Trainee: 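Quick one: structure below, then a few questions.
The figures here come from the full heavy-atom set of this structure, side chains too, leaving out hydrogens, waters and symmetry mates. A, B, ... follow the sequence lines: proteins, then strands. Residue 1 opens every chain. Small disclaimer: the values here were computed from a predicted structure and weren't measured.
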Amino acid sequence: MCGRYSLRKPYIAISEHFSVQLDLFEFGPRYNIAPGQQVAVLIREREQLTLVGMKWGLVPFWAKDPKIGNRLINARVETVSEKPAFRTALRTRRCILPADGFYEWNSAAASPRPVHFRFEDDRLFGLAGLWDEWEGPGGALRSCTILTRPANEVVAPVHHRMPVMFTEPEEIEGWLAPGPAPPVSTLELCGRRTRLQAHPASGRVNDPTFEGQDCLIPAPPSGWLF
DNA sequence: CCAGACGTTGTT
DNA sequence: GTCTGG
DNA sequence: CCAGACGTTGTT
DNA sequence: GTCTGG
């Protein structure tokens, strides 16, 4: 699955990589992006690519209680087109979450520690997502969710799910293009040929309020008490 | 008809 | 155990 | 995803 | 909003 990721690159690098036209908001390097937080999201709006801030955890437009978003942080690509919470967004509100790494925990381990997955050249990539807009008493709330798929051979030793991710500009354009979503078979192939690498990360990542580059310091060897 | 759910994860 | 919040 | 809470009363 | 279950 995908419950934590990183976006360490400066805004200018993200803006250039994804050819974003507008400069809407500022954000700093993120080592530990957690559900419920405000995240940077690439959408097609009024014919243009725009980078906007949204809450991670999708609140469907029909929701009565926005707390539903706490549970809708991921959508399985195998079933996303059938689910009431996601199918409308799949047709009309697909998005990309710029990222340069994501964390997975090996729950089979005695004391699970996070592993940071990133590319050999540490390049930016896009997580496939959906977004929605909910009209609440305090105004409109934009929120999003990340699609997941079965793990590829790099991630599988740690965890059996991983985010749907795009590295090629054509893939990203295809996902954001108006009209029906690309077929699932296409999504399953993405990220399979790429040089993704697994790096043991710090147990500090477990705390969703901990930010900073210490997140990427490898965990001490198992059995090390301090 | 109305009421209630609408999701994923991991673990047993 | 299960839900909420980050 | 993990961490942390998990409750009611009356009073300000 | 839309579907399922009672």
Side-chain angles (χ1 to χ4, degrees), chain A residues 1-7 27-41 53-93 97 99-118 127-136 138 140-151 155-165 184 187 198-212 214-217 219:
Chain A
M1 68 101 48
C2 184
R4 234 48 99 73
Y5 69 99
S6 64
L7 183 57
F27 54 89
R30 300 294 309 277
Y31 283 78
N32 193 9
I33 299 172
Q37 296 177 347
Q38 203 73 5
V39 296
V41 180
M54 289 189 196
K55 186 183 165 81
W56 180 10
L58 189 129
V59 181
F61 65 95
W62 43 256
K64 293 188 187 76
D65 185 348
K67 284 203 294 271
I68 192 175
N70 293 336
R71 301 193 299 289
L72 306 184
I73 66 170
N74 290 139
R76 294 173 67 92
V77 72
E78 300 95 320
T79 55
V80 65
S81 64
E82 304 155 15
K83 301 293 183 183
F86 301 134
R87 59 193 168 191
T88 308
L90 179 69
R91 276 190 272 112
T92 61
R93 288 183 297 273
L97 292 83
D100 50 32
F102 62 92
Y103 298 96
E104 299 289 352
W105 281 257
N106 185 349
S107 50
S111 58
R113 289 190 183 272
V115 174
H116 188 246
F117 291 92
R118 59 180 180 264
L127 302 173
L130 307 174
W131 68 281
D132 214 329
E133 190 165 291
W134 180 78
E135 291 295 337
L141 171 70
R142 283 181 167 187
S143 60
C144 60
T145 191
I146 296 173
L147 269 65
T148 66
R149 44 160 281 189
V155 178
V158 176
H159 196 73
H160 68 111
R161 304 289 297 175
M162 67 179 286
V164 175
M165 52 196 295
V184 169
L187 303 178
H199 299 267
S202 168
R204 299 258 246 159
V205 177
N206 291 8
D207 178 354
T209 66
F210 182 78
E211 279 283 350
D214 284 2
C215 285
L216 293 186
I217 294 175

Trainee: Output, in order, the C-alpha distance, side-chain angles, deciding distance and verdict of side chain to side chain contact (heavy atoms under 4.5 Å, CB included) for A:R118 and A:L216.
Mentor: CA-CA 11 Å; A:R118 59 180 180 264; A:L216 293 186; 4.1 Å; yes

Trainee: Taking any atom under 4.0 angstrom from a heavy atom of chain A, which nucleotides of DNA chain D are the first and last to qualify, 5' to 3'?
Mentor: D:dC1 to D:dA3

Trainee: Protein within reach of the bases, or only the backbone? For nucleotides 1-6 of chain C, mark each nucleotide 5' to 3' as B, S or -, using heavy atoms under 4.0 Å.
Mentor: ---SBB

Trainee: Angle class for the A:F102/A:F117 ring planes (parallel below 30°, perpendicular above 60°, tilted otherwise)?
Mentor: parallel

Trainee: Contact class for A:F86 (heavy atom, under 4.0 Å): base, sugar-phosphate, or nothing?
Mentor: sugar-phosphate

Trainee: Identify whether the distance between the nearest side-chain nitrogen and carboxylate oxygen of A:E211 and A:R30 falls below 4.0 Å.
Mentor: yes

Trainee: Just to be sure I understand the rule, does A:F61 reach a base, reach only the sugar-phosphate, or reach nothing, if contact means heavy atoms closer than 4.0 Å?
Mentor: sugar-phosphate

Trainee: Treat a base pair as Watson-Crick or G-U wobble with both distances under 3.5 Å, then lay out DNA chain B in dot-bracket form, 5' to 3', with | for cross-strand pairs.
Mentor: ||||||......

Trainee: Please give the distance between the P atoms of D:dA3 and B:dT8 as a whole number of Å.
Mentor: 24 Å

Trainee: For the C1' atoms, the ones on D:dC1 and on B:dG7, what distance do you get once it is rounded to whole angstrom?
Mentor: 15 Å

Trainee: Looking for any heavy atom pair under 4.0 Å, which part of the strands does A:T145 touch: base, sugar-phosphate only, or nothing?
Mentor: nothing

Trainee: Determine, for A:R161 against A:E78, whether the closest basic-nitrogen to carboxylate-oxygen distance falls under 4.0 angstrom.
Mentor: yes

Trainee: Working to the nearest 0.5 Å, report the span between CE of A:M162 and CZ of A:R149.
Mentor: 4.5 Å

Trainee: To the closest 0.5 Å, what do you measure between OH (A:Y103) and OH (A:Y31)?
Mentor: 8.5 Å

Trainee: Under a 3.5 Å cutoff, is there a donor and acceptor pairing between the side chains of A:R76 and A:T148?
Mentor: no

Trainee: With P as the reference atom in both, quote the distance from C:dG6 to B:dG4 in angstrom, rounded to an integer.
Mentor: 29 Å

Trainee: If we ignore angles and hydrogens, is there a donor and acceptor under 3.5 Å between the side chains of A:S6 and A:D100?
Mentor: yes

